[in-house]
Structures are given as C-alpha cells and as structure tokens.
Visitor: 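Handing you this structure, nothing more for now.
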Amino acid sequence: MSRYERWNALLELLAQQGRLTVEEAAETLDVSTATIRRDFDELAQQQMLMRTRGGAVAQSVSYDLPLRYKTARHAGEKQRIAEAAAEMVAPGAVVGLNGGTTTSEVARTLAARADPGARLTVVTNALNIAAELTVRQNVKLVVTGGVARPQSYELIGPLSSGVLEQVTLDIAFLGVDAIDAEAGAFAHHEGEASVNNLLIGRAARVVAVTDASKIGRRAFARICGIDRIHTLITDSGLSDAAAGAFTEAGVQVLRV
C-alpha cells in the first residue's frame with residue numbers, strides 16, 4: 001500500500017468513525033505504529049485531521065465529499081497517473097482541473113507536493129476538488145460558477161464561463177469518460193463537455209489523464225478534438241498499437 005493509498009484509507013476510517021487511535025489504525029492497515037504516527041502528523045499539517053494524544057479525530061467535514069467520490073476502481077493506476085501529472089507542474093503554476101476520479105487524485109498529489117515558497121493556483125469546476133483544496137494553505141483556489149451536477153460534483157452551465165474567460169492556465173489536466181485517437185475526448189453529459197472545453201481553452205498545455213479502460217472509446221458529448229490535447233497520461237494497460245495511434249495524431253503518450 002502506497003503512502004497516498006494509506007492516507008485515503010485513514011481519512012475514510014476517520015469519516016466513518018470520527019476518531020482513531022494509532023494502534024487501531026496500525027492494526028487495520030497492517031502497518032507499524034510509527035508509520036501511522038507519521039501519517040497522522042503529515043495529514044494534520046495539511047489540516048485533514050486533528051491530532052490527539054494517541055490518535056486523531058476528524059477535524060471537519062471538509063474532506064467528506066471527496067471521500068465519497070470513490071477511486072476504488074483502478075486506484076493504483078490513478079495514483080501513478082497523478083504522480084506523473086504532478087511532475088509536470090512547476091512551482092507557482094496555475095493549474096486547471098475538471099471533475100473526475102483521476103483528476104481528484106491529481107489534485108491530492110499536487111496539494112501534498114505544493115511548495116510553500118511558491119503558491120500553487122488551482123482553477124476547477126469540481127466541487128469535490130474545491131472542498132478538499134480549500135483547507136490547503138499552500139494552494140490558492142479558484143472555483144468557477146455554475147449549477148452543480150450531483151452525479152459528478154461538477155459545476156456546469158453558462159455561469160461557469162464568466163470566471164473561465166478571465167483566467168489563463170499554464171496547464172490543464174483533463175479527466176475524460178472516453179478518449180479516442182481519431183475522435184477526441186468525451187464526457188457522458190453535454191454540460192460537462194461544454195465547461196471542460198472552456199477550461200482547456202484557457203490552458204497553454206492540455207494533459208488528458210485517464211486509465212486505459214477509457215481509451216479507444218467514445219461517449220455522448222465531445223469535449224474536444226484530439227488536436228487540442230498535447231499529452232496523454234495513462235497506465236501500462238494501453239497497448240502499443242493504441243499508443244502509436246495517439247503518437248501519430250501528435251499526442252505525447254506517457255504510460256506509467
């Protein structure tokens with residue numbers, strides 16, 4: 001179990017129980033008490049929990065929403081993708097993130113790595129990402145307007161354009177429901193696709209982040225053509241033939 005998997009597991013346990021001792025957490029996750037103490041200390045520094053003598057308590061409900069946004073499917077792949085994505089972000093950069101389980105993992109990784117001396121700026125239309133990053137002192141958070149879509153936690157509709165038209169992004173990480181080397185990137189809902197298109201339109205670099213299960217597929221609403229995407233970060237499950245198709249289309253492919 002990686003550090004980030006362990007952190008997510010600890011926060012889920014806290015969300016369920018409200019309070020944990022070091023010994024309970026260590027036994028549940030099958031790790032040493034020293035490891036749990038370090039995890040509790042680091043999560044407390046990020047204001048994700050409150051340390052107590054011998055354990056930790058849930059500090060607030062600020063992380064409850066993203067925790068319900070489960071990343072159980074392809075969790076290991078998403079974490080590796082998030083690590084590779086975070087490597088692309090320079091200190092002090094302005095980053096765009098749409099909704100999705102993979103972009104949520106990217107947000108967590110970016111927040112954990114944020115340089116205190118060069119504040120990261122995140123622009124997002126995802127309420128779960130906003131809820132999680134609000135308490136991160138090293139991150140400046142900008143949230144678009146819009147109407148909340150409960151199925152995805154994304155803000156959609158014309159109110160989103162007012163903010164997005166006023167910002168410029170160094171890099172945007174695009175979560176997708178499907179992506180094809182010929183047809184482009186897709187979402188299941190037309191409102192999400194429209195806002196996602198606006199978001200990436202403000203970015204100097206667009207990076208699609210998705211596990212291989214969504215590649216070579218199409219969904220209802222097209223976000224953008226493949227020519228708008230500079231890089232695709234996915235897992236090792238992507239075949240050589242599929243990777244070659246994206247490379248031929250001018251997209252850099254990273255398999256992690």
Side-chain angles (χ1 to χ4, degrees), residues 65-66 69 71 78 81-82 85-86 88-89 93-110 121-133 141-211 213-234 246 249-252:
L65 179 65
Y69 202 80
T71 59
K78 293 177 194 297
I81 290 166
M88 295 183 171
V89 178
V94 182
V95 179
L97 293 167
N98 69 331
T101 53
T102 307
T103 49
S104 297
E105 196 63 42
V106 172
R108 294 185 191 107
T109 305
L110 286 173
T121 299
V122 171
V123 180
T124 186
N125 72 318
L127 290 172
N128 68 302
I129 291 175
E132 187 151 348
L133 296 187
L141 176 67
V142 179
V143 183
T144 70
V147 177
R149 185 167 184 263
Q151 295 87 342
S152 64
Y153 300 153
E154 287 193 69
L155 296 169
I156 62 174
L159 291 174
S160 300
S161 62
V163 170
L164 292 176
E165 288 173 356
Q166 302 300 317
V167 301
T168 299
L169 312 174
D170 295 308
I171 188 168
F173 293 106
L174 177 68
V176 299
D177 290 319
I179 188 168
D180 181 83
E182 294 182 358
F186 295 85
H188 289 311
H189 190 272
E190 67 279 4
E192 292 177 11
S194 177
V195 174
N196 293 345
N197 181 281
L198 286 173
L199 182 72
I200 66 172
R202 308 304 299 168
R205 184 178 185 185
V206 178
V207 180
V209 289
T210 181
D211 61 78
S213 69
K214 297 177 181 177
I215 295 177
R217 299 176 180 272
R218 303 184 187 193
F220 173 67
R222 189 173 188 246
I223 298 171
C224 66
I226 202 66
D227 60 305
R228 300 277 300 282
I229 296 173
H230 300 96
T231 304
L232 168 66
I233 307 179
T234 187
F246 281 97
V251 179
Q252 177 191 26

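Just so it is clear, the values below take in all heavy atoms, side chains as well, and ignore hydrogens, waters and symmetry mates. Since the model is a prediction, treat every value here as computed from it, not as a measurement.
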Visitor: Decide yes or no for Ile129 and Val106: does some side-chain heavy atom of the first lie under 4.5 Å from some side-chain heavy atom of the second?
Guide: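 No, their side chains stay 4.5 Å or more apart.
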Visitor: Write down the atom of Val143, the atom of Ala130, and the distance for their closest heavy-atom approach.
Guide: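 Scanning both residues, the minimum pair turns out to be CG2-CB, 3.7 Å.
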Visitor: Working to the nearest 0.5 angstrom, can you tell me the gap between Asn196 CG and Thr103 OG1?
Guide: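 So the gap between those two atoms works out to 9.0 Å.
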Visitor: Which heavy-atom pair separates Ala219 from His188 by the least distance, and what is that distance?
Guide: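 Closest approach of Ala219 to His188, heavy atoms only: CB-ND1, 3.7 Å.
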Visitor: With the side chain counted from C-beta on, respond yes when Leu174 and Arg228 share a heavy-atom pair under 4.5 Å apart, and no when they do not.
Guide: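 Not in contact.
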Visitor: About how many Å separate OG1 of Thr121 and CG of Asp170, when rounded to the nearest 0.5 Å?
Guide: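 That separation rounds to 9.0 Å.
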Visitor: Locate the shortest heavy-atom distance separating Ala193 from Ala221; write the atom from each residue and the value.
Guide: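 Heavy atoms of Ala193 and Ala221 come nearest at CB-CB, 3.7 Å.
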Visitor: For Asn125 and Leu155, indicate whether the former's side chain and the latter's backbone hold a donor-acceptor pair under 3.5 Å.
Guide: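 Flag set: sc Asn125 to bb Leu155 pair under 3.5 Å.
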Visitor: Is the count of non-hydrogen atoms from other residues, nucleotides or ligands lying under 6.0 Å from Glu182 atom CD greater than 12?
Guide: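 It does not: Glu182 CD has 12 such atoms or fewer within range.
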Visitor: Hey, could you give me the CG/CG distance between Asn128 and Leu97, rounded to the nearest 0.5 Å?
Guide: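 Asn128 CG to Leu97 CG: 10.0 Å, rounded to 0.5 Å.
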Visitor: Hey, does Thr231 have a side-chain heavy atom less than 4.5 Å from the side chain of Arg205?
Guide: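 Yes; the side chains approach each other to less than 4.5 Å.
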Visitor: Set out, in order, the CA-CA distance, both residues' side-chain angles and the distance that settles side-chain contact (heavy atoms from CB on, under 4.5 Å) for Leu141 and Thr124, then state yes or no.
Guide: CA-CA 8 Å; Leu141 176 67; Thr124 186; 4.0 Å; yes
Visitor: Take Thr144 and Leu199 through the side-chain contact (heavy atoms from CB on, under 4.5 Å) test and state the conclusion after the steps.
Guide: CA-CA 10 Å; Thr144 70; Leu199 182 72; 5.5 Å; no
Visitor: Drop me the distance from Asn98's CG to Ile200's CD1, to the nearest 0.5 angstrom.
Guide: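 It is 9.0 Å, given to the nearest 0.5 Å.
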Visitor: Where is the tightest heavy-atom contact between Ala208 and Ile179, given as atom of each residue plus distance?
Guide: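 Scanning both residues, the minimum pair turns out to be CB-CD1, 3.9 Å.
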Visitor: Just verifying a value: how many Å separate Arg222 CZ and Ser194 OG, rounded to the nearest 0.5 Å?
Guide: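 It is 13.5 Å, given to the nearest 0.5 Å.
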Visitor: Determine the sole option in Val176, Asp177, Ile233 for which the side chain to side chain contact (heavy atoms under 4.5 Å, CB included) test with Thr210 is passed.
Guide: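 Among Val176, Asp177, Ile233, the one meeting side chain to side chain contact (heavy atoms under 4.5 Å, CB included) with Thr210 is Val176.
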Visitor: To the nearest 0.5 angstrom, please state how far the OG atom of Ser152 sits from the CD atom of Glu192.
Guide: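 The distance works out to 3.5 Å.
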Visitor: List the atom of Asp180, the atom of Ala183, and the distance in Å for their closest heavy-atom pair.
Guide: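 It is OD2-N, 2.9 Å.
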Visitor: Examine distances only and state if a side-chain atom of Arg202 and a backbone atom of Val167 form a donor-acceptor pair shorter than 3.5 Å.
Guide: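 Checked: pair present.
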Visitor: Side-chain contact test, heavy atoms from C-beta onward, threshold under 4.5 Å: evaluate it for Val195 versus Glu154 and give yes or no.
Guide: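 Of all side-chain heavy-atom pairs linking Glu154 with Val195, none is under 4.5 Å.
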Visitor: Do Val89 and Leu110 have side-chain heavy atoms sitting under 4.5 Å apart?
Guide: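 They are in side-chain contact.
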Visitor: Can you name the closest pair of heavy atoms from Ala181 and Ala249 and give their distance?
Guide: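 Here Ala181 and Ala249 meet closest at O-CB, 3.8 Å.
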Visitor: Return yes if some donor-acceptor pair links the side-chain N/O of His230 with the main-chain N/O of Val207 below 3.5 Å, else return no.
Guide: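 No, because the side chain of His230 does not come within donor-acceptor range (under 3.5 Å) of the backbone of Val207.
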